[in-house]
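Notes follow once the structure below has been shown.
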Amino acid sequence: MAGLEERAGWLIDLYADPRDDLVVWILAEDGARLRLHQPFPITFYAAGPAADLRELWRFLQSDPAPLHLARGERHDLFAGRAIPVLAVRVACPADLGPVFHRAAERFPDLTYYDADITLSLRYAAVTGAFSLSFCRVAYEPSGRLREIESLGTPWELDPPALPLRILAVEPDVNPSHAPPQRLTVCCGNHTYSLDLRPERPLLLNLRGLLREHDPDLLLTTWGDTWLLPELMRLSCEHRLPLPLNRDPCRGVIRKEEKVYFSYGQVIHRGQQVHLAGRWHIDRANAMLWGDYGLEGIFELARITGLPVQTVARTSPGTGISSMQILTALRQGVLVPWHKQQTEDSRSAMDLFYADQGGLVYQPLIGLHRDVAGIDFVSMYPSIMVHYNISPETVGADRPGAEEIPELHMRVDRSHPGLVPLTLKPLLEKRIELKHRIAGLPAWNPQRKRYAAWASAYKWLLVTCFGYLGYKNARFGRIEAHQAVTAYGRETLLLAKEAAEEQGFTVLHLYVDGMWVKRPGASQVADFQPLLDRIAEVTRLPIALDGVYRWVAFLPSRRDARMPVANRYFGVFQDGSLKTRGIDSRRLDTPPFISRVQMAMLELLAGAEDAGALPAKLPGALGLLRRAAADLRAGRIPVADCVVTQKLSRTLEEFRSASPAARALAQLGAAGKSLRPGQRVRFLYIRGDQRVHAWDLPDTPPPEALDHERYLTLLLRAASNILQPLGLEEAVLRDWVLGGAVYLGLPGCWRLEDGLDPGVGLGLLPPPQNLPLPILGDTGWLPEESVRAGRD
DNA sequence: TACAGTCGGGG
DNA sequence: GTGTACGACTGTA
């Protein structure tokens, strides 16, 4: 076409604008940042009794916004057929919200579809151009976009990298703890330190930096909750405009903080500041930032179709929901309007929901060797794809369809369902990523990128199951959820039978994994025939989590004869540890206790074989004794004794003076407030106060700590890992406190099969000869020892 | 002893 | 722009 400019580049932002209809930002290959615009009419639908639809028609005819009305038929997923609808096409996307709300308010009983879909998803469905996709664009000199064509798909493994300009800003301290004094600003190879006062030069300097560098990404720490609101306030006060936005025609978008309930706990989401034409990401407010970083966020944007600033801050559940919506739009299936109803919704759907849904065994308590952990890979999503489980494919009345085990239901496998259609490429790409990761050395940057993506995918897949079961989810249906768990149980039972046929003892089953043992089986090759057999009978992807040198399943702390499903630890053949449910896995355990526990475990992990464990005991006990002595002598830094707990309610709502409530009250008295969902930090101290909130101006000296309390926590943590070796908490306490040792009693050991009872305890040297722990003189145990336990 | 409050899991 | 479970466990009274 004559007079059109053509360019290739990445789609980085997109939003409705009352004057320009739809604004599309392209980061061009040649470095230009293009603000383009185009008309983008949007249609939503209403269904219901014909008379009501006619009334809605008349009502909307007098609506002030330019719109077009038509009758038609559209496919309803749950009805399984096309239904008559009134199509309301709004000329300008910015009008959609107001028009829809006027309609829904006046006619609340009609059913609405496609009414609340994120603009970027609609755009992806209509044009094929998704968030961050590499596109070819053709536009008029005025900026009017005439053509856009995506040159790739979200499923590429090596999409061209964006040449992003990043400006990073970080205050010197956490603003919720103390008032910051200066900002560190990084862009390219330059780093600047800017004083927050006086304010005018600060604003002028920042303005200069923003203009000069024109960043695509403003990467901050506490930018949502403090920095940007503060800068906006200063900019207003001093009447010095600050070009935070790249689009000068728009203001920044602020979203208020909120507290909500999700998966059984209160979540606090700080306020947010979104920019137009460039992104703002606050690492402190970014979901799972530590898990997958910028690369993970970009990949999530690509595959979910959500804007970068949104995926950075939302849960993966929103991502999976968006992917389903995109599938529906592409298939021409109506997307039900999602009412923000807080009705009785006894959804009772956890994202894992092991107790009613998943098969859980009671593990065989104690220490075992010749054990392998075997897991199904993304079991529930794999089941959905393999068995075609989707809200529209499952039901009681499906003649000729496949019968679901245990349930009086059938699943129609003649056409791929919406959910399997959405998940299939995701599962396939994740498996391909894992292959590539395995083939690359650890230092390879591409490997790190893939690992970040794989981590982001993992979370999408984990949450998709919960969505399937939630009855108020757009594409959720309880029967589909039940079908998945039914197939899951059957699958696990098939795996168990296969293991028993091959002479393995099944130690434990947990939803999508199992632990098996057979005397003498200590190599990967010993378990390969079982893996092959399980893959053959279940037709689902199975993987060896690892072969253990030894593994211990812990009993209940209330009753040592009772097993619990989720507390265990073990060492793989390569010496790496796997721990679940023990103190160091918990975020409310003081750091020094976590470190001691992990250090003890690492010492035990040095044993090549369970038989060599007794020789490791003196070292582990020495570590414990040293820790207890350091605690009493005040040699543990108080910062390492801080307990962190998440607040579930406001101060007034606490009915019991729990440690967290006491700390909250102290903070309140000092003028610092915390909201439910935020974490409170405190120390256990002696005296009536019992605790001392950590974020108060003063810090108590080590002598003020409640040593007795910390000693109890320490001994508990130690006994949780030494209990399988026959050392109970009371014994440890006597021993650590330096009293008589009754470690020499034969029969104390509770090692399974073949380990010589009576070995070990008698070999312990007397306490004064114990080897000193592996510590430096100044610091405490290395921080790595804690992280090593978490994967 | 009963009750109140917090945490993890999955990958 | 989410999704209000469950059991184990600890601390308080």
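Residue numbers start from 1 in every chain, and the chains themselves are labelled A, B, ... in the order their sequence lines are given, proteins ahead of strands.
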Side-chain donor-acceptor pairs under 3.5 Å in residues 685-692 of chain A, sequence neighbours left out?
residue	atom	partner	partner atom	Å
A/R686	NH2	A/E703	O	2.5
A/Q689	OE1	A/Q666	NE2	2.9
A/H692	NE2	A/D698	O	3.1

Handout entry: Phosphate-side-chain proximity, A/R716 and C/dG11, N/O vs OP1/OP2 below 4.0 Å
Key = yes

Problem - Nearest-Å distance for atom pair CG/C1', residues A/L460 and B/dG10 - result: 14 Å

Handout entry: Minimum-distance nucleotide to A/Y510 side chain [options: C/dC9, B/dG9, C/dT12]
Key = B/dG9

Completion exercise
Checking C/dA8, B/dT6, C/dG1 against the side chain of A/A660 (C-beta onward), the nearest is B/dT6

Problem - Below 4.0 Å: OP1/OP2 of B/dG9 and any side-chain N or O of A/R567 - result: no

Exercise for the section: Choose from C/dG11, B/dG9, B/dG5 the nucleotide whose nearest atom is closest to any side-chain atom of A/N566. Expected result: B/dG9

Exercise for the section: State, without any angle test, whether A/E299 and A/Y457 hold a side-chain donor-acceptor pair at a distance under 3.5 Å. Expected result: yes

Handout entry: Interatomic distance, A/L587 CG vs B/dT6 P [rounded to whole Å]
Key = 14 Å

Handout entry: Between B/dG9 (C1') and A/L461 (CG): distance, integer Å
Key = 16 Å

Completion exercise
Separation of C/dG11 atom P from A/L713 atom CG, nearest Å, is 6 Å

Exercise for the section: Just compare C/dA8, C/dA13, B/dG10 and give me whichever is closest to any side-chain atom of A/V462. Expected result: B/dG10

Handout entry: Mutual orientation of the aromatic rings belonging to A/F44 and A/Y112 [parallel < 30°, tilted 30-60°, perpendicular > 60°]
Key = tilted

Exercise for the section: Determine: side-chain N/O of A/R474 to OP1/OP2 of C/dG1, distance under 4.0 Å, yes or no. Expected result: no

Problem - Phosphate OP1/OP2 of C/dT12: any A/R709 side-chain N/O under 4.0 Å - result: yes

Exercise for the section: Indicate whether OP1 or OP2 belonging to B/dT6 is found under 4.0 Å from a side-chain N or O atom of A/R586. Expected result: no

Practice task
Verify the contact: side-chain N or O of A/R655 to OP1 or OP2 of B/dC3, cut-off strictly under 4.0 Å; return yes or no.
Solution key: no

Fill in the blank from the handout: A/Q271 CD to C/dG1 P, in whole Å, measures 13 Å

Practice task
Please work out if A/T712 contacts a base, only the sugar-phosphate, or nothing of the nucleic acid, heavy-atom cut-off 4.0 Å.
Solution key: nothing

Practice task
State whether A/S656 places a side-chain N or O below 4.0 Å from either non-bridging phosphate oxygen (OP1 or OP2) of C/dG11.
Solution key: no

Practice task
Could you check which of C/dA13, C/dG1, B/dG9 has an atom nearest any side-chain atom of A/R585?
Solution key: B/dG9

Handout entry: Any A/R557 side-chain nitrogen or oxygen under 4.0 Å from OP1 or OP2 of C/dA8
Key = no

Exercise for the section: Kindly check if the number of other-residue, nucleotide or ligand heavy atoms within 6.0 Å of NZ (A/K458) is above 12? Expected result: yes

Handout entry: Closest to the A/D588 side chain, choosing from B/dC7, C/dA13, C/dG1
Key = B/dC7

Fill in the blank from the handout: Nearest-nucleotide check on DNA chain B, A/K646 vs A/R558; residue mapping nearer the 5' end is A/R558

Completion exercise
Quick note, A/F654 side chain, CB onward, closest among C/dA13, B/dG5, C/dC9 is B/dG5

Fill in the blank from the handout: Nearest heavy-atom contact between A/S719 and A/R557 is OG-NH1, 3.9 Å

Handout entry: Under-4.0 Å salt bridge between A/R681 and A/D695
Key = yes

Practice task
For the residue pair A/Y487 and A/H386, establish whether any side-chain heavy-atom pair is separated by less than 4.5 Å.
Solution key: no

Handout entry: 5' priority, DNA chain B, between A/S648 and A/S378 [closest heavy atom]
Key = A/S648

Problem - A/K458 side chain near B/dG10 phosphate (N/O to OP1/OP2, under 4.0 Å) - result: no

Practice task
Enumerate, in order of first residue number, the stems that involve DNA chain C, defined as 3 or more consecutive Watson-Crick or G-U wobble pairs with both distances under 3.5 Å.
Solution key: B:1-8 with C:6-13

Exercise for the section: Can you establish whether the number of heavy atoms outside A/Y361 located under 6.0 Å from its atom OH is more than 12? Expected result: no

Exercise for the section: Respond yes when some side-chain nitrogen or oxygen of A/R690 is under 4.0 Å from OP1 or OP2 of C/dA13, and no when none is. Expected result: yes

Problem - Residue A/T314, side-chain atoms from C-beta onward, closest of B/dG9, C/dC9, C/dG1 - result: C/dG1

Exercise for the section: Mark yes when over 12 heavy atoms from residues, nucleotides or ligands other than A/K434 sit less than 6.0 Å from its NZ; otherwise mark no. Expected result: no

